[in-house]
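Computed from heavy atoms alone, side chains included, the values below leave out hydrogens, waters and symmetry copies. Chain naming here is simple, since letters A, B, ... match the order of the sequence lines and numbering starts at 1 in each.
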Amino acid sequence: MKLHDTLSRTVRDLRPRDGRTFRFYCCGPTVYGPAHIGNFRTFVLQDVFRRTIELSGVPTRHVRNLTDVDDKTIRDSQAAGQTLVEFTRHWTERFHEDCAKLNLLPPHEEPGAVGHIPQQIALIEALMEKGHAYRSEDGSVYYKVSSFGEYGKLSHLDRRELRLGAAVADDEYEKDSVADFALWKARKPEDGDNWWDSPWGPGRPGWHLECSAMCREYLGETFDLHSGGVDLIFPHHENEIAQSEAATGHPMADHWFHLTHLLVDGGKMSKSLGNFHTLDQIEAAGFTGNDLRYALISAHYRQPLNFVARDKEGKESFPSLAGARQALERIAKFDAALRERFETQQGTVADSTGYDQLRALPEADRGAFAPAFEALLNDLNTPDALGRVFSAIREGKPAELSPDEALREWRGLRFVMEALGLRVPEPDRESAEIPEAVRALAEKRWAARAAKDWATADSLRAELGELGWEMKDGREGYELAPKG
RNA sequence: GGCGGGAUAGCCAAGUGGUAAGGCCGAGGUCUGCAAAACCUCUAUCGCGGGUUCGAUUCCCGCUCCCGCCUCCA
């Protein structure tokens, strides 16, 4: 497939350098609170990326870290009266629950900084040996940016510019240069019990170091792709490159994949603006992780995506999610119409279309949905892929297909849905509990309708409406749905 | 100031040097007692001003706004 590369600023072909497995690293969350939907935009797109690679026939090795020691995790664990490990375990579990609801494939490895202190120390030692790092008075160790000639190649910032920006808020006068960054942070009283021994004294690793060390540990000196949100380009990934490449003398990654941020109602999401959203909140509003996933992939990953949370009246009703739900519903209905064509004669084959079975689905067997997958191979164009799914649906006439044709189209649809990681919802789901009184009214109306007593039927329909329920007549029965 | 991304119908959002996918919402229609569903149809000259070109939304220049990064951040 083709994908944009931040380092070269071009769209380039992706190939596993070992010719077999595509090995990539994604910067994961800092586990000190619930992840927000902006974080999930990144993780969801990375997941679509992985699925696209795998479904095109290339196995992957996916590593995503958990940042489990930094200022925030230490501060908040202390405030919660928990050990750092207890605290981060709790938020890690919560993160995993959210990931499952969003249908994210678990990474093959999910290492944390705390579990890789020796590897990080070893990396610092290598940098010290080669003259890329120095110890300060207080026992911290800093990376000497001026020692790495290529510093700035990813973010295209030169040192002069860096200095201007960094000079403002910097209070770390231990450093030789304001551009230098901490590899090892000397123990401070407020760190409490959260410190480790090192050749330079007690302390804890700097943020950028963990990724360099764990990339090396799980993927080797050079691997295929490194990914994260655009905000990580500088300084995080720039610093990772400086650390890793200075230590090994080899390029860190062949490809850099960065994801543009989500906007909420046209602006940046922040707690102070009251537009900071988590999956919990979205579920409380009656939407699912699947709805959110659809909304998050509805724009190209290099474009800002405007998540609309408030309607024209300023009410928080999540128009973006309502649209996503309707769109998914249409897909589900088309899916059901296809199944109807072949299931009666060939039995149920739903079990034969899990993610793993579909990995082997040949292109010729993807029917009208083959072009949608092609869109993903072209720089992961998820909105184009969705557009092509609906074009195929519009063109498709399930009623005119033979059972074999319907089965092929259905597998094609499921294949693309798996690539996008979207679940096909049950079309006839009943989203809320139906009160006894409502059920009784509905039964009465159904009887009146059967007796062609239209007047009674209509007045009962109105009565149900006042209770907030809508009755949908079918050929063989009715459905009740909450109005709205 | 530096680096980068935007500006496409009511909303969301693709795309192309030859007069613009798709989704949501809305309107009209077919159908079914009604309603719903389904299906069909309809809704944009692509921020502004120049330039290149037979022809630009798509390339170039300038401008105006918006957003991100340059300090922790997906």
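- As rounded to the nearest Å, B/C69 and B/A74 have C1' atoms that lie 13 Å from one another.
- Counting heavy atoms from C-beta on, the side chains of A/Phe223 and A/Met252 come closer than 4.5 Å.
- Looking at A/Glu109 and A/His62, their side chains never bring a donor and an acceptor atom within 3.5 Å of each other.
- The listed nucleotides are B/C25, B/C11, B/A35; the one nearest the side chain of A/Gln326 is B/C25.
- Considering only the side chain of A/Trp207, B/C72 comes nearest among B/C72, B/G33, B/A21.
- Paired with A/Trp256 under the rule ring pair (Phe, Tyr, Trp, His ring centres under 6.0 Å), one option of A/His4, A/His226, A/His236 passes, and it is A/His226.
- Spacing between B/U58 and B/U71 at atom C1', rounded to whole Å, works out to 38 Å.
- For A/Leu262, whose side chain is taken as the heavy atoms from C-beta onward, the closest listed nucleotide among B/A74, B/C69, B/A14 is B/A74.
- Taking atom P in both B/C48 and B/C11, one finds a spacing of 16 Å when rounded to whole Å.
- Minimum heavy-atom separation, A/Gly289 to A/Leu102: O-CD2, 3.2 Å.
- Backbone-only engagement by A/Leu263 is indicated by non-hydrogen atom pairs under 4.0 Å involving sugar-phosphate atoms exclusively.
- Base engagement by A/Pro383 is indicated by at least one non-hydrogen atom pair under 4.0 Å involving a base atom.
- Within the structure, salt bridge (charged side-chain N to carboxylate O under 4.0 Å, His left out) contacts touching residues 382-396 of chain A (residues at least two apart or in different chains) are A/Asp384-A/Arg388.
- Per the geometry, CZ belonging to A/Phe369 stands 15 Å off P belonging to B/G22, to the nearest Å.
- Each of A/Phe390 and A/Thr30 has a nearest nucleotide on RNA chain B; the 5'-most of these lies closest to A/Phe390.
- Put simply, the side chain of A/Asn381 never gets that close to the backbone of A/Asn378: no donor and acceptor are under 3.5 Å apart.
- The same atom, P, is picked in B/U43 and in B/C34; the two are 29 Å apart, to the nearest Å.
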Let me check I have this right: for RNA chain B, each base becomes ., (, ), [, ] or |, based on Watson-Crick or G-U pairs with both distances under 3.5 Å. What is the full string? (((((((..(((.........))).(((((.......)))))....(((((.......))))))))))))....

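- Taking only side-chain nitrogens and oxygens, A/Lys333 comes nearer than 4.0 Å to OP1 or OP2 of B/A38.
- Atom P of B/G26 sits at a distance of 31 Å from the matching atom of B/C67, rounded to the whole Å.
- Atom-to-atom, CZ of A/Phe49 to C1' of B/A74 comes out at 16 Å; the value is rounded to the nearest Å.
- When rounded to the nearest whole Å, the span between CG of A/Leu420 and P of B/A14 equals 14 Å.
- Between A/Ser212 and A/Ser244 there is a side-chain heavy-atom pair separated by less than 4.5 Å.
- Among the heavy atoms of the strands lying under 4.0 Å from A/Gly229 are primed sugar atoms or P, OP1, OP2 only; no base atom is included.
- Counting all heavy atoms, side chain and backbone alike, A/Ala309 lies closest to A/Asp265 at N-OD1, 2.9 Å.
- Comparing atom distances between the A/Lys72 side chain and each of B/A74, B/C72, B/G33 picks out B/C72 as nearest.
- Residue A/Arg64 is classed as having no contact, given no heavy-atom separation below 4.0 Å to the nucleic acid.
- Counting only heavy atoms from C-beta on, A/Val308 has its side chain closest to B/C12 among B/G33, B/C12, B/C3.
- A/Gly228 comes within contact range of the sugar-phosphate backbone alone, with a heavy-atom separation under 4.0 Å but no base atom that close.
- What separates CD of A/Glu238 from P of B/G4 is a distance of 13 Å, to the nearest Å.
- When heavy atoms are screened at a 4.0 angstrom cut-off, A/Ser298 is found touching the sugar-phosphate backbone but no base atom.
- A gap of 30 Å separates the P atoms of B/A37 and B/U45, to the nearest Å.
- To the nearest angstrom, P of B/A36 lies 15 Å from CE of A/Met471.
- Comparing the P positions of B/G18 and B/C25 gives an interatomic distance of 32 Å, to the nearest angstrom.
- Here B/C69 is the nucleotide among B/C69, B/G23, B/A74 with the atom lying nearest to any side-chain atom of A/Phe234.
- For the C1' atoms, the distance from B/A21 to B/G1 is 41 Å, rounded to whole Å.
- Place A/Gly387 and A/Phe43 on RNA chain B by their nearest nucleotides, and A/Gly387 ends up nearer the 5' end.
- Residue-level contact check: A/Asn306 touches the backbone only, with heavy atoms under 4.0 Å from sugar-phosphate atoms and none from bases.
- Of the candidate nucleotides B/G68, B/A14, B/A21, B/A21 has the atom nearest to the side chain of A/Ser391.
- Remark: the A/Arg445 side chain and the B/G33 base include a donor-acceptor N/O pair separated by less than 3.5 Å.
- Ring pair A/His208/A/Phe181 is perpendicular by interplanar angle, where above 60° counts as perpendicular and below 30° as parallel.
- Within the nucleic acid shown, A/Leu305 comes within 4.0 Å of sugar-phosphate atoms alone, with no base atom in reach, counting heavy atoms only.
- Annotation: side chain to side chain donor-acceptor pair (under 3.5 Å) contacts of A/Asn290 (sequence neighbours excluded): none.
- Among residues at least two apart or in separate chains, salt bridge (charged side-chain N to carboxylate O under 4.0 Å, His left out) pairs with a member in residues 452-462 of chain A are A/Arg461-A/Asp473.
- Here A/Lys312 lies in heavy-atom contact (under 4.0 Å) with sugar-phosphate atoms only.
- One can place CZ of A/Arg302 at 19 Å from P of B/C69, the figure rounded to the nearest angstrom.
- Within the 4.0 angstrom heavy-atom criterion, no nucleotide atom of any strand lies near A/His236.
- Donor-acceptor pairing under 3.5 Å, judged by distance alone, is present between the side chain of A/Arg461 and the base of B/C34.
- Checking A/Asp5 against A/Ser8 by side-chain atom types alone, a donor-acceptor pair falls below 3.5 Å.
- Sequence neighbours left out, the pairs with a member in residues 25-35 of chain A that pass side chain to side chain donor-acceptor pair (under 3.5 Å) are A/Tyr25-A/Asn65.
- If you check every strand for non-hydrogen atoms under 4.0 Å, A/Gln46 touches nothing.
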Atom pairs, N/O to N/O, protein against nucleotides 39-42 of chain B, distance under 3.5 Å?
none

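- B/A13 has no stacking from A/His300 on its base ring, since the centres under 5.5 angstrom apart and planes within 30 degrees of parallel are not both found.
- For the pair A/Asp453 CG and B/C34 P, the computed distance is 16 Å after rounding to whole Å.
- The closest side-chain donor-acceptor pair between A/Gln281 and A/His277 falls under 3.5 angstrom.
- Between the side chain of A/Asp70 and the base of B/C72, no donor-acceptor pair under 3.5 Å is found.
- Between A/Asp265 atom CG and B/C12 atom C1' the separation is 12 Å, expressed in whole Å.
- Using a 4.0 Å heavy-atom cutoff across all strands shown, A/Asn381 reaches sugar-phosphate atoms only and no base atom.
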